[in-house]
Participant: 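Could you have a look at this structure, given as structure tokens, before my questions?
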Amino acid sequence: MPEHDHICVRFAPSPTGYLHLGSARTGLYNYVFARRHGGTFILRIEDTDLTRSTDEAVVQIIDSMKEMGLHWDEGPGAPGPHGPYRQTERGDIYREYVQKLFESGHLYPCFCTPEELDAERAAAQAEGRGWTYSGRCRGLDTAEVARRQAAGEPYTLRVRVPEGRTVFHDILRGEVAFENDTMGDFIVVRSDGSITYNLAVVVDDVTMEISHVIRGDDHISNTPKQVVIYRALGARVPEFLHMPLLFGTDKKKLSKRHGATKLEQLTAEGFLVEVVRNYLCFLSAEFDESMITWSLDDLVAHLDVTKLGTSPSIFDPEKLRWMNGRYLRAMTDEWLGDRLVGYLTRVGFYGDPAGVGEIAAQGAQALAHAVEDAETEHVPPTVPDEEQEALTRAIAPLVHEKLEVLADFIPMAGWFFRPLEFTPEALERLRGTAGAAETLTTAAAGLRDLEEWDVPSVETLVRELPPALSLKPKAVFAALRLGMSGQSVTPGLFESLWALGRDNAVARLGQAAALLG
RNA sequence: GGCGCAUUCGUCUAGGGGCCUAGGACGCCGCCCUCUCACGGCGGUAACAUGGGUUCGAAUCCCAUAUGCGCUACCA
């Protein structure tokens, strides 16, 4: 996009809640675009809606941005030449521009009351006609305006929209045209003196010298109004890029009903930010496996925002899971160990392995909700003791290829951290396994007497068991697996026994054998 | 209602007039590998919204229709 001397983009969320994944995606693309073209990335908070905006939401948005690694050049906490960066702090600027527009004759006062307008609108609706403002106050002469203002009649300021059509360029769709009479003379300053969204964005984008407006395509219909304002201001109209929206699996705009829609919840479920970030980028773009492990810098180097698709994409948790697993497997065991320790700490696993295990058994979302509750109440997570941390790192290689999300660690390996325990079903299964008691006692004795405590020795011993006891290997493995863990699904048997440590392994098998007696 | 945007397997997409009996990925199914669960490998299932044009030839161009979404506010 080289025709601009300086590329400057902005991401402008309104702080009415946490950072929605769809918005996160918009922020991402803005960031990538800015970095790719050596431009400036501004974070602007659109908090003109006082009733819905909260400072807490601002903090959350900032946290999410930081977690994704999206650093802004200018914005909250990063002062620059285009500040302030919250709309509520830009009142003087807006007033100045309203003055300008008014003096140049692009604005006129309108004394129509909301009631009158509503009535007109209702009438038009009843007849099945479209409605736009009639322009009744457009031709009021100055004397009358002065008289009514003096009388204290409330009024709004409307834009004198010119005849003709408004055409703008969208990078993804080309020329988009609107007939001007479909927008009517719209309000830009309310009767209480506050200004409306369409004016605020334009003034902000003009004063911030934004060269490219990258936002969701739900803004396409607003764009012609904004273009009219740019023209009235004599300002250069930026390039637009309206990205397709993100939907849930029911083809509706993504919302809380679709489960995880915010980054924090996804990471609490065991997804990695890096993966969520990349996944968000690859929607609306061609998928290539090598992209899975891309870093933010790779994204900047390879992702061409101007080649996105134009139809809405659906957020597919299944594919995200798969990508997460691929990413995990591409990393080293040490890396996985670090991440697991961090994740398990966050979800409170080390403080209560059994309790967290139960919650996790109800599903990743249940776990995420529990984490969210703890975090909003600022409950400090329990850090692992030395033994727990070492055990986690020792197990990491054993579960590495079995994990799709980090949370999968808990059902797969949580038993390592708890005393041996059986559900009635598990015990039943152990009883039903041929030669279980004999297998357990023999194995326990063998392990106790093993010369070297390493995986090959354990394996050799265990593999000698079936012929020695005249049992099928399957039966022997099943008995030992159940006997050491109380579960029928675990990481590899030999490795698990080894990781347990000799004493622990022998003790567990002994306990299990005792239960059968 | 008006205006706008969108429309290829269930999902993400490739495709920009003949290379398409439409390719890849997730999911799903089957087989192989295998101590459970997985990983991995192999194979399979499944789509051009509909109707008209234009053209020797259309998933690709044009027009309608349908469907979805958005805007149509003194919301952002």
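Basis for what follows: all heavy atoms, side chains included, without hydrogens, waters or symmetry-related copies. Letters A, B, ... mirror the listed sequences (proteins, then strands); counts begin at 1.
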Participant: Please classify the glycosidic conformation of C39(B) as syn (within 90° of 0) or anti (everything else).
Facilitator: syn
Participant: When rounded to the nearest 0.5 angstrom, what distance separates OG1 in Thr113(A) from CD in Glu153(A)?
Facilitator: 9.5 Å
Participant: Tell me which nucleotide, if any, is Watson-Crick or G-U wobble paired with A25(B) when both distances must be under 3.5 Å.
Facilitator: U11(B)
Participant: Judged by atom type as modelled, is there a donor-acceptor pair below 3.5 Å linking the side chain of Asn324(A) to the main-chain atoms of Leu320(A)?
Facilitator: no
Participant: Tell me which of Leu493(A) and Glu289(A) sits closer to the 5' end of RNA chain B, going by the nucleotide each one is nearest to.
Facilitator: Glu289(A)
Participant: So Ser313(A), base contact, sugar-phosphate only, or nothing? Heavy-atom distance under 4.0 Å.
Facilitator: sugar-phosphate
Participant: Whom does C31(B) pair with, Watson-Crick or G-U wobble, provided both distances fall under 3.5 Å?
Facilitator: G41(B)
Participant: Could you list the residues that satisfy salt bridge (Lys or Arg N to Asp or Glu O under 4.0 Å) with Asp205(A), not counting sequence neighbours?
Facilitator: Arg10(A), Arg44(A)
Participant: With heavy atoms under 4.0 Å as the rule, sort Val176(A) into base, sugar-phosphate or nothing.
Facilitator: sugar-phosphate
Participant: Reckon Ser488(A) touches a base, only the sugar-phosphate, or nothing at all at heavy-atom distances under 4.0 Å?
Facilitator: base
Participant: Looking at the side chain of Ser311(A), which of C74(B), U8(B), A76(B) is the nearest nucleotide?
Facilitator: U8(B)
Participant: What is the separation between atom CG on Asp181(A) and atom P on U72(B), rounded to the nearest whole Å?
Facilitator: 17 Å
Participant: Mind checking who U67(B) pairs with, Watson-Crick or G-U wobble, both distances under 3.5 Å?
Facilitator: A6(B)
Participant: Here's a test of your reading of the structure: between Thr156(A) and Pro473(A), which maps to the more 5' nucleotide of RNA chain B?
Facilitator: Pro473(A)
Participant: I would like to know whether Asp181(A) and Arg165(A) meet salt bridge (Lys or Arg N to Asp or Glu O under 4.0 Å); could you show each step before the answer?
Facilitator: CA-CA 8 Å; Asp181(A) 55 20; Arg165(A) 59 208 307 254; over 6 Å; no
Participant: For Tyr327(A) and A25(B), give me the distance from atom OH to atom P, rounded to whole Å.
Facilitator: 22 Å
Participant: Between side-chain atoms of residues 460-470 of chain A and protein atoms elsewhere (two or more places apart, or another chain), which donor-acceptor pairs fall under 3.5 Å?
Facilitator:
residue: Thr460(A); atom: OG1; partner: Pro456(A); partner atom: O; Å: 2.8
residue: Arg463(A); atom: NE; partner: Glu459(A); partner atom: OE2; Å: 2.8
residue: Arg463(A); atom: NH2; partner: Glu459(A); partner atom: OE2; Å: 3.0

Participant: Using Watson-Crick or G-U wobble geometry with both distances below 3.5 Å, tell me the partner of U36(B), or none.
Facilitator: none
Participant: List the protein contact pattern of nucleotides 38-51 of chain B with one symbol per nucleotide (5' to 3'): B for base contact, S for sugar-phosphate-only contact, - for none; contact means a heavy-atom distance under 4.0 Å.
Facilitator: BSS-----------
Participant: Rounding to the closest angstrom, what is the interatomic distance between U60(B) and G43(B) at atom C1'?
Facilitator: 31 Å
Participant: For Ile220(A), does its backbone N or O pair with a side-chain atom of Asp217(A) as donor and acceptor, under 3.5 Å?
Facilitator: no
Participant: Less than 6.0 angstrom from the centroid, inside 45 degrees of the normal: does Arg148(A) satisfy that with respect to the ring of Tyr155(A)?
Facilitator: no
Participant: Check if the side chain of Arg173(A) and the base of C5(B) share a donor-acceptor pair of N or O atoms closer than 3.5 Å.
Facilitator: no
Participant: For Arg339(A), give me all partners under salt bridge (Lys or Arg N to Asp or Glu O under 4.0 Å), at least two apart in sequence or on another chain.
Facilitator: Glu274(A)
Participant: Under 4.0 Å, heavy atom to any atom of RNA chain B: which of residues 430-440 of chain A qualify?
Facilitator: none
Participant: Atom CE of Met484(A) to atom P of C37(B): distance rounded to whole Å?
Facilitator: 14 Å
Participant: Is there, by distance only and without an angle test, a donor paired with an acceptor across the side chain of Ser191(A) and the base of C74(B) below 3.5 Å?
Facilitator: yes
Participant: Identify whether any heavy atom of Tyr279(A) sits under 4.0 Å from a base atom; if not, whether one sits that close to sugar-phosphate; answer base, sugar-phosphate or nothing.
Facilitator: nothing
Participant: Ser194(A) near the nucleic acid: base, sugar-phosphate alone, or nothing, with a heavy-atom cut-off under 4.0 Å?
Facilitator: nothing
Participant: Between U36(B) and Lys474(A), is there an OP1 or OP2 to side-chain N/O distance shorter than 4.0 Å?
Facilitator: yes
Participant: For the side chain of Thr182(A), counting heavy atoms from C-beta on, which of G2(B), C35(B), C74(B) is nearest?
Facilitator: G2(B)
Participant: Which one, A6(B), U13(B), G27(B), comes nearest to the side chain of Glu286(A)?
Facilitator: U13(B)
Participant: Select base, sugar-phosphate, or nothing to describe what Pro491(A) touches, counting heavy atoms under 4.0 Å on all strands.
Facilitator: base
Participant: Is it true that Arg138(A) and Asp185(A) have a side-chain N and a carboxylate O under 4.0 angstrom from each other?
Facilitator: yes
Participant: Heavy atoms only, 4.0 Å cut-off, all strands: where does Thr48(A) land among base, sugar-phosphate and nothing?
Facilitator: sugar-phosphate
Participant: Mind checking who A73(B) pairs with, Watson-Crick or G-U wobble, both distances under 3.5 Å?
Facilitator: none
Participant: Figure out the NE2/P separation between His242(A) and C71(B), and round it to whole Å.
Facilitator: 12 Å
Participant: Does the ring centre of Phe186(A) sit less than 6.0 Å away from the ring centre of Tyr133(A)?
Facilitator: no
Participant: Of the candidate nucleotides C74(B), C37(B), U11(B), which contains the atom at the shortest distance from the side chain of Ile314(A)?
Facilitator: U11(B)
Participant: Please determine whether any donor N or O and acceptor N or O are separated by less than 3.5 Å between the side chain of Asn222(A) and the base of A76(B).
Facilitator: yes
Participant: Please determine, for the side chain of Glu46(A), which listed nucleotide (C12(B), A76(B), U13(B)) has the closest atom?
Facilitator: A76(B)
Participant: Could you state the atom-to-atom distance from CD of Glu495(A) to C1' of C37(B) in whole Å?
Facilitator: 13 Å
Participant: Tell me whether the side-chain N/O atoms of Arg321(A) come closer than 4.0 Å to OP1 or OP2 in C26(B).
Facilitator: no
Participant: What is the distance from CD1 of Ile229(A) to C1' of A76(B), rounded to the nearest Å?
Facilitator: 14 Å
Participant: Quick one: look up who G18(B) pairs with, Watson-Crick or G-U, both distances under 3.5 Å, and put none if it's unpaired.
Facilitator: C56(B)
Participant: For U72(B), does OP1 or OP2 lie under 4.0 Å from any side-chain N or O of Arg121(A)?
Facilitator: no
Participant: Give one of base, sugar-phosphate or nothing for Ala478(A), where a contact means two heavy atoms less than 4.0 Å apart.
Facilitator: nothing
Participant: Are any side-chain N or O atoms of Arg25(A) and backbone N or O atoms of Leu280(A), one a donor and one an acceptor, separated by less than 3.5 Å?
Facilitator: yes
Participant: Contact class for Gly325(A) (heavy atom, under 4.0 Å): base, sugar-phosphate, or nothing?
Facilitator: nothing
Participant: Check every strand shown and say whether Cys281(A) touches a base, only sugar-phosphate, or nothing at a heavy-atom separation below 4.0 Å.
Facilitator: nothing
Participant: What is the nucleic acid contact for Leu283(A), judged by heavy atoms within less than 4.0 Å: base, sugar-phosphate only, or nothing?
Facilitator: sugar-phosphate
Participant: Whole angstroms only, please: what is the CZ-P distance between Phe168(A) and C71(B)?
Facilitator: 14 Å
Participant: With a 3.5 Å cut-off and just heavy-atom distances, do the side chain of Ser221(A) and the base of G70(B) make a donor-acceptor pair?
Facilitator: yes
Participant: Is the backbone N or O of Cys281(A) less than 3.5 Å from a side-chain atom of Tyr29(A), with the two atoms forming a donor-acceptor pair by type?
Facilitator: yes
Participant: In whole angstroms, how far is the P atom of C12(B) from the CZ atom of Arg25(A)?
Facilitator: 11 Å
Participant: Quick check on the 6.0 Å ring-centre criterion: do Tyr279(A) and Phe315(A) meet it?
Facilitator: yes
Participant: Using residues 287-294 of chain A as the side-chain source, report each donor-acceptor pair under 3.5 Å to any protein atom, sequence neighbours left out, with the distance given to one decimal.
Facilitator:
residue: Asp288(A); atom: OD1; partner: Ser290(A); partner atom: N; Å: 2.8
residue: Asp288(A); atom: OD1; partner: Ser290(A); partner atom: OG; Å: 2.8
residue: Glu289(A); atom: OE1; partner: Arg326(A); partner atom: NH2; Å: 2.5
residue: Trp294(A); atom: NE1; partner: Ser290(A); partner atom: O; Å: 3.2

